[in-house]
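Read the structure below first, then the notes.
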Protein chains: 2
Amino acid sequence: MADYTENPIVAPTKHSDWYARASSALADAGYRRGSVRLAVLELLDNQPCALSAVEIEEALRHRAPAPKAASRASIYRILDELEALGLLARLEVGQGIVRFEAARESGHHHHLICDHCGTLIPFRDEELERTIHQVSQRVALNVSEHEVVLHGACSDCTS
Amino acid sequence: MADYTENPIVAPTKHSDWYARASSALADAGYRRGSVRLAVLELLDNQPCALSAVEIEEALRHRAPAPKAASRASIYRILDELEALGLLARLEVGQGIVRFEAARESGHHHHLICDHCGTLIPFRDEELERTIHQVSQRVALNVSEHEVVLHGACSDCTS
DNA sequence: GTACCTGCAAATCGTTTGCAGGAAA
DNA sequence: TTTCCTGCAAACGATTTGCAGGTAC
């Protein structure tokens, strides 16, 4: 029978390449392994799409196995750090709400947003990437990132 | 010698199709020709790219020939109306600032944003439009609008 | 004259910051 | 022990809203 008493809080979780990369980038930058920082990393590592600071706060509050609350101020600070290190992609869509998601090389995608209910859906398309890459080379900007958002009505809101 | 005394405020200005379309759409919706509404219409009709509410307020304050100030509250209300009528395209990029620009069929474009100085530059590309149109037909959303933003460093900030 | 339009000021809401105690190294 | 991390509360800035007087029609 397994003995969980040594670390009753942290469930055995599988981490991705992104989590590993983020951890070492944070360590290299001199950051410590604080509780909120680890929780945010863990959470973002397991999301299919972008979350706002408020959504992250709520997710952490209701998280199993132990409800670990984190102050919103800490969450904002940590999101800023992660973005500055290039570990997060920022997404602004909707009413001035900023959302973040893990920036993965192998998980690059864009977004569909339902203008009625606000649902955010990720999608990817190779041809779109190729086209954007070509376009990026002939514009008056040294392009480092790009972002595509398709607005419309999702299936729930269409019916 | 021309007599300007009858209407000393309004300079003789050339209006676009968009202005005409917006005017009649507003009239059809039952809106009156209030001073701020007309000023915002006039201003947006002559912009190369998107403006925020604050930028609009300042532009109206410093506008020739007569400095006509408009309260920010009115500007926000009017921008909401125009957006609801589909006359404006909304653009969110940067620190939670929302910008608007006239939605013209024949002036559809996307944006380059310098992440250092915040400069916004419009661009257009036919192949990109074709690709997005194709992609729009195979995603799980009834797509009505789309938006592409390329992030990077402009020539001023690169040097 | 009526109903809409506008400006003002207060209220909201997302986000940022200052500060003091608690935790990682 | 030293320095960073966190929570709390106040500060901030963009946007929204309630209300009273002014204006289009």
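A, B, ... follow the sequence lines: proteins, then strands. Residue 1 opens every chain.
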Legend entry - Separation of D:dG18 C1' from B:R72 CZ (nearest whole Å): 19 Å
Inset, instruction - With DNA chain D as reference, determine whether B:S35 or B:D80 sits nearer its 5' end, using the nearest nucleotide of each. - result: B:D80
Inset, instruction - Measure distances between side-chain N and O atoms of B:R32 and base N and O atoms of D:dG22, and say whether any donor-acceptor pair falls under 3.5 Å. - result: no
Legend entry - A:Y31, nearest nucleotide to its side chain (from D:dT16, D:dC5, C:dT6): D:dC5
Legend entry - Rounded distance (Å) that lies between atom P of C:dG14 and atom CZ of A:R90: 16 Å
Legend entry - d(CG, B:L79; P, D:dT16) in whole Å: 9 Å
Inset, instruction - Looking at every strand, decide which applies to B:V98 at a 4.0 Å heavy-atom threshold: base, sugar-phosphate, or nothing. - result: sugar-phosphate
Inset, instruction - Any chance you could measure B:L150, atom CG, to B:F123, atom CZ, to the nearest 0.5 Å? - result: 4.0 Å
Legend entry - Whole-Å distance separating the CZ atom of B:R77 from the P atom of D:dT17: 10 Å
Inset, instruction - State whether the number of non-hydrogen atoms from other residues, nucleotides or ligands found under 6.0 Å of A:H108 atom NE2 is greater than 12. - result: yes
Legend entry - Closest non-hydrogen atom pair between A:L38 and A:R33, with its separation: CD1-O, 3.8 Å
Legend entry - Presence of B:Y76 side-chain N/O under 4.0 Å of D:dT16 phosphate oxygens OP1/OP2: no
Legend entry - Atom CG of B:D17: over 12 foreign heavy atoms under 6.0 Å: no
Inset, instruction - Remember a base hit wins even if backbone is also touched, and classify B:R37 as base, sugar-phosphate or nothing at under 4.0 Å, heavy atoms. - result: sugar-phosphate
Legend entry - Rounded distance (Å) that lies between atom P of D:dA14 and atom CG of B:L91: 16 Å
Inset, instruction - Could you tell me how the ring of B:H15 sits relative to the ring of B:Y19: parallel (under 30°), tilted (30 to 60°) or perpendicular (over 60°)? - result: parallel
Inset, instruction - Using only side-chain N and O atoms of B:S71, determine if any of them is under 4.0 Å from OP1 or OP2 of C:dT6. - result: no
Legend entry - Spacing between B:R33 atom CZ and C:dC5 atom C1', to the nearest angstrom: 14 Å
Inset, instruction - Measure from CG on A:L82 to P on D:dC5 and round the result to the nearest Å. - result: 12 Å
Inset, instruction - Can you tell me the distance, in whole Å, between the CZ atom of B:R61 and the P atom of C:dG7? - result: 11 Å
Legend entry - Touch class at under 4.0 angstrom, heavy-atom based, for B:S52 against every strand present: nothing
